[in-house]
Amino acid sequence: MPTPIIAPSVLASDFANLEREIKMINSSEADWIHIDIMDGVFVPNLSMGLPVVEAIKRHATKPMDVHLMIVHPENYVEAFQKAGAEYISVHVEACPHLHRNIQQIKSLGCKAGVAINPHTSIVELENVIADIDLVCVMSVNPGFGAQKFIEHTYTKVKQLKKLIIESGSKAKIEIDGGVNMQNAKQLLEAGADVLVAGNFVFSASNPIEVIKQLKSI
Ligand code: DX5
Ligand code: ZN
């Protein structure tokens, strides 16, 4: 099993001590910083916006993986690229012109990701899988941290892995929501490459140790 990419989700961090939290990630074995952007329309919650992403960038030494849970992402993609995003993911359910959204992200020099909700079939990705760098498989319904992992995710990851191999795509499989030591190994065995972890990391008394454990599964 290849070593997973670990992406702590700052949604679960202490926003009043964001510099300290980002420095913790910098000094850990984490690979990316996962940043959740919510608009209160596509998902029933608000999170953070561009000024916070810019503030994270001032301290971050690791790539920022920006997960846009917003409608009309085309209006903001360039601003997130300017704010320092390396990966930008948009939701298939929020993008009637998904192909255009992907091309926009790539034209700005960012890596393009597509996120899919728990109810969305892998089939929806067939016509774009060869064009993208990342698939963010939601293993909870997006909008909140600290939710329960949906077990059906394993089946979807296996289906997605098959599609990626058959299509010759280089897309990485990222799992987002409810990831912990109970499900991480099985997710990697199913074909996952990237594990996002919010609550599991930031609610721990020793987040650096938890990241190390996830990294060395
Ligand atoms: C959910 C977000 C996730 C969330 C994961 O809408 O996309 O990235 O922060 O948090 P945990 O790991 O606590 O489920
Ligand atoms: Zn996310």
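Side-chain atoms are counted along with the backbone in the values below, which use heavy atoms only and exclude waters and symmetry mates.
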Charged N-O contact under 4.0 Å between Asp133 and Lys172: no
Heavy-atom neighbours of His72 NE2 exceed 12 at 6.0 Å: no
Lys82 with Glu78: basic N within carboxylate O range, under 4.0 Å: yes
Distance in Å, Tyr87 OH paired with Cys136 SG, rounded so as to fall on 0.5 Å steps: 12.5 Å
Minimum side-chain heavy-atom gap Val77-Asn101 below 4.5 Å: no
Thr61 versus Asn26, side-chain donor and acceptor atoms under 3.5 Å: yes
Hphob cluster co-occupancy, Leu108 + Val53, side-chain heavy atoms under 4.5 angstrom: yes
Within the 6.0 Å centroid threshold, strictly below: Tyr154 and Phe149: yes
Minimum side-chain heavy-atom gap Leu187-Ile173 below 4.5 Å: no
Verify same cluster id: Ile5, Val137 (apolar side-chain graph, 4.5 Å): no
Same cluster (ILVMFWY, side-chain, under 4.5 Å), Val157 and Met138: no
More than 12 heavy atoms from other groups under 6.0 Å of NZ on Lys170: yes
Same cluster (ILVMFWY, side-chain, under 4.5 Å), Leu46 and Met48: no
Same apolar cluster (I L V M F W Y, side chains within < 4.5 Å links), Val135/Ile105: yes
Interatomic spacing from CD1 in Ile37 to CD1 in Ile88 - rounded to 0.5 Å: 10.0 Å
Shortest non-hydrogen contact from Asp39 toward Val71: OD2-N, 2.8 Å
Salt bridge Asp31-Lys215, side-chain N to carboxylate O under 4.0 Å: yes
Any Pro8 side-chain heavy atom under 4.5 Å of Phe202 side chain: yes
Sidechain-backbone polar pair: Asp65 side chain, Trp32 backbone, donor-acceptor under 3.5 Å: no
Interatomic spacing from CD1 in Ile33 to NZ in Lys57 - rounded to 0.5 Å: 8.5 Å
Student check: side-chain heavy atoms of Leu18 and Val52 closer than 4.5 Å: yes
Any side-chain heavy-atom pair of His99 and Asp131 under 4.5 Å: yes
Worked verdict on Arg58 versus Glu54 for salt bridge (charged side-chain N to carboxylate O under 4.0 Å, His left out): CA-CA 6 Å; Arg58 285 202 290 278; Glu54 288 161 2; 5.6 Å; no
Ring geometry between His91 and His67 (parallel below 30°, tilted from 30 to 60°, perpendicular above 60°): parallel
No-hydrogen, no-angle side-chain donor-acceptor test under 3.5 Å, Asp176 and Ser139: no
Gap between atom CG of Asn117 and atom CG of Asn141 - 0.5 Å precision: 6.5 Å
